[in-house]
Amino acid sequence: MGGPTLDWSLVWDSRQLLLDGLVVAVQVSATALVLSVVLGLLLALLRTSGTPLSWVAAAYINTFRGVPALVSVIWVYFGVSLAFGLTFTVFQAGVIALTLLYSAFLAEIFRSALSAVPPGLKEAGQALGLRSSRIFFSVTLPQAGKVALPNIGSMFIGMVKDTSTFTVIGLLEVVRVTQNLVSTTFQPFVLYTAAAAIYVLAAFVIDFGFRLLENLMTSPPQGRLARLLRARRRSRVERLVARHSSDPDPSRAPATT
Amino acid sequence: MTTVTEPSTTTAPGPTPEPGRRVPVVSIEGLRKSFGSLEVLSGIDLDVHPGEHVVLLGPSGSGKSTVLRSINLLERPSAGSLVVDGREHATPRTSGLFAGAPRGTALQLRRTVGMVFQQFNLFGHLSALDNVVLPLRSVRRMSRRDAEERAALELRRVGLLARAGHYPSQLSGGQQQRVAIARALALDPKVMLFDEPTSALDPELVGEVLRTMRLVAETGMTMVVVTHEIGFAREVGDLNVFLEHGRVVETGGREFYDECRSQRARDFLKAVR
């Protein structure tokens with residue numbers, strides 16, 4: 001028997017709709033990523049705080065790492081509205097659902113990244129008389145962030161993929177768009193393959209973006225972008241060095257090396 | 001224990017301390033420290049006078065680093081009194097010069113005392129310059145401009161001005177340690193603590209750090225140094241304290257290295273020399 005012919009031109013014809021779906025998926029994921037990073041960091045700090053709240057954080061993390069995105073978004077969109085009379089837009093529900101799940105994953109990523117920061121750096125900060133908040137934001141967090149960054153990138157790719165389940169609440173993301181197209185064209189194989197290609201493309205782009213960020217966060221920062229961003233700072237330091245090198249300091253001779 | 005220091009008769013740098021007539025800047029009395037059931041300090045007494053260079057010596061596990069780390073409360077004493085710059089930071093005394101001394105906070109203490117670590121502990125995500133700038137901005141509340149000027153001055157003092165824009169990963173161990181010294185000195189501490197500052201260095205890099213420390217000593221900075229560099233200790237040590245098993249076995253002035261009384265200290269010096 002002959003199967004239906006595969007009409008690949010459909011992909012090109014539907015490109016605008018599919019890419020609009022991707023934009024929605026990325027918007028939901030990016031918003032949720034920002035919230036998840038903040039919440040995940042707080043959870044990681046709570047979990048390592050050694051207070052009774054660390055149990056609360058541990059319970060949260062283990063619960064929400066186990067919940068599928070599909071269930072999470074159904075809870076948020078339908079459950080919360082039934083139980084509390086709160087209604088969210090599909091966009092809001094998607095963001096909340098992803099944040100609930102991924103803050104739990106990010107909490108674990110941050111926990112291991114924070115523990116990877118050498119304790120001597122914190123001690124050096126203490127010995128210099130820095131306040132603990134200053135040590136955290138100026139020493140610990142930049143060091144931990146560098147360690148966590150590649151994993152955060154992977155999480156972001158996972159988030160974009162998980163938006164595919166939000167088709168159940170009618171969010172017009174890639175899969176929803178694909179379903180709509182399939183219902184009129186009856187070309188599921190072609191269109192779902194196109195959808196998959198779009199996710200893969202998104203993954204490549206996200207990976208590239210995070211690699212740029214990683215290069216910026218290495219010490220010293222690497223790459224053309226880093227050179228561009230740091231050009232002014234570098235010339236400022238060069239001027240400072242030049243001025244002090246030529247300026248004799250009568251009070252103290254420089255140490256010879 | 002009294003910490004009488006012989007007046008310096010050698011050509012060593014630094015002012016001659018006059019401990020009898022000066023108020024100690026650091027005064028430790030009956031200091032004890034336990035980790036669980038293990039007591040690592042069993043009652044240490046030590047006075048450090050302004051301008052004095054104190055060397056703590058002893059075999060590993062003797063408690064010398066713990067004494068040093070207690071002075072800026074990186075280790076909290078289990079018992080005993082710690083007075084720094086006239087403020088009590090542990091158990092208040094009931095008698096003596098510092099009875100009724102006002103209590104100080106850990107932050108006050110650490111802003112009075114500078115420390116240099118064995119592992120340098122530079123902030124790897126900041127350039128040499130910014131390692132010095134960060135505490136100046138945060139502790140001294142300096143503007144970025146003023147902090148950078150001061151930091152450049154300090155880096156120049158340790159001979160690393162040309163490396164100001166380098167990151168720690170681009171510096172040798174000796175250079176990193178000199179930046180760490182500059183970072184601590186920039187805050188104008190009253191006392192500098194050195195915790196085995198050359199122990200993590202390749203042998204050929206030890207000299208440059210010791211040279212920098214000698215320069216610091218020559219400025220009259222009060223220093224407490226834990227080191228195995230006996231040559232350096234002999235040169236700068238106004239007061240030399242030999243510890244073992246968390247107790248002071250012997251203290252001595254400049255004559256210590258030639259005329260120590262205890263057999264244990266003699267054996268130790270022979271072994272490390």
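Just so it is clear, the structure is predicted and the values come from calculations on it, not from any experiment. In what follows, every chain begins at residue 1, and chains take the letters A, B, ... in the order their sequences are listed.
Annotation: maximal heavy-atom pairing with chain A below 4.5 Å, among B/Asn121, B/Leu73, B/Leu109, occurs at B/Asn121. Annotation: maximal heavy-atom pairing with chain B below 4.5 Å, among A/Leu128, A/Val241, A/Leu121, occurs at A/Leu128. Per-residue counts of heavy-atom pairs under 4.5 Å with chain A were compared for B/Met115, B/Glu148, B/Gln108; the largest is that of B/Glu148. Counting heavy-atom pairs closer than 4.5 Å to chain B, the top residue among A/Lys122, A/Arg233, A/Met217 is A/Arg233. Heavy-atom pairs under 4.5 Å with chain B peak, among A/Ser138, A/Ala242, A/Gly125, at A/Ser138. Of the listed residues (A/Arg234, A/Lys146, A/Arg236), the greatest number of heavy-atom pairs within a distance under 4.5 Å of chain B belongs to A/Arg236.
When all heavy atoms of A/Arg134 and B/Ser138 are compared, the closest pair comes out as CG-OG, 3.3 Å. Taking both residues in full, the closest heavy atoms of A/His244 and B/Ala152 are given as CD2-CB, 3.5 Å, listed atom of the first, atom of the second, then distance. Here the shortest heavy-atom pairing between B/Leu74 and A/Glu123 reads CD2-O, 4.1 Å.
For chain A, the nearby part of B/Phe117 is the side chain; its heavy atoms alone come within less than 4.5 Å. Proximity to chain A is limited to the backbone of B/Ala162, based on heavy atoms less than 4.5 angstrom apart. Proximity to chain A (any heavy atom under 4.5 Å) is shown, for B/Arg183, by both the backbone and the side chain. Neither the backbone nor the side chain of B/Gln119 comes within less than 4.5 Å of any heavy atom in chain A. With a threshold of 4.5 angstrom between heavy atoms, B/Leu129 approaches chain A through side-chain atoms but not through N, CA, C or O. Contact annotation for A/Val237: only side-chain heavy atoms (C-beta onward) come within less than 4.5 Å of a heavy atom of chain B. Proximity to chain B (any heavy atom under 4.5 Å) is shown, for A/Pro220, by both the backbone and the side chain. Contact of B/Val116 with chain A is not made at all, since no heavy-atom distance falls under 4.5 Å. Only the side chain of B/Asp130 comes within less than 4.5 Å of a heavy atom of chain A; its backbone N, CA, C and O stay farther away. Using a 4.5 Å cut-off between heavy atoms, B/Leu122 touches chain A through its backbone atoms (N, CA, C, O) alone.
No more than 12 heavy atoms of other residues, nucleotides or ligands lie within 6.0 Å of CZ in A/Arg232, so this atom counts as exposed by the packing criterion. When the shell of 6.0 Å around CZ of A/Arg243 is examined, it contains more than 12 heavy atoms from other residues, nucleotides or ligands.
Using a 4.0 Å cut-off between a side-chain N of Lys or Arg and a carboxylate O of Asp or Glu, B/Glu149 and A/Arg239 do not qualify as a salt bridge.
Rounded to the nearest 0.5 Å, atoms CG (A/Leu130) and CG (B/Leu107) are 8.5 Å apart. One distance of note links OG of A/Ser219 with CD of B/Gln170; it measures 9.0 Å at 0.5 Å rounding. Atoms CD1 and CZ, on A/Ile135 and B/Phe123 in that order, are 7.5 Å from each other to the nearest 0.5 Å.
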Kindly indicate, with the supporting measurements, whether the criterion side chain to side chain contact (heavy atoms under 4.5 Å, CB included) is fulfilled by B/His125 and A/Thr218.
CA-CA 7 Å; B/His125 62 295; A/Thr218 50; over 6 Å; no
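Checked by atom type and distance alone, the side chain of B/Arg111 pairs as donor or acceptor with a backbone atom of A/Gly129 at under 3.5 Å.
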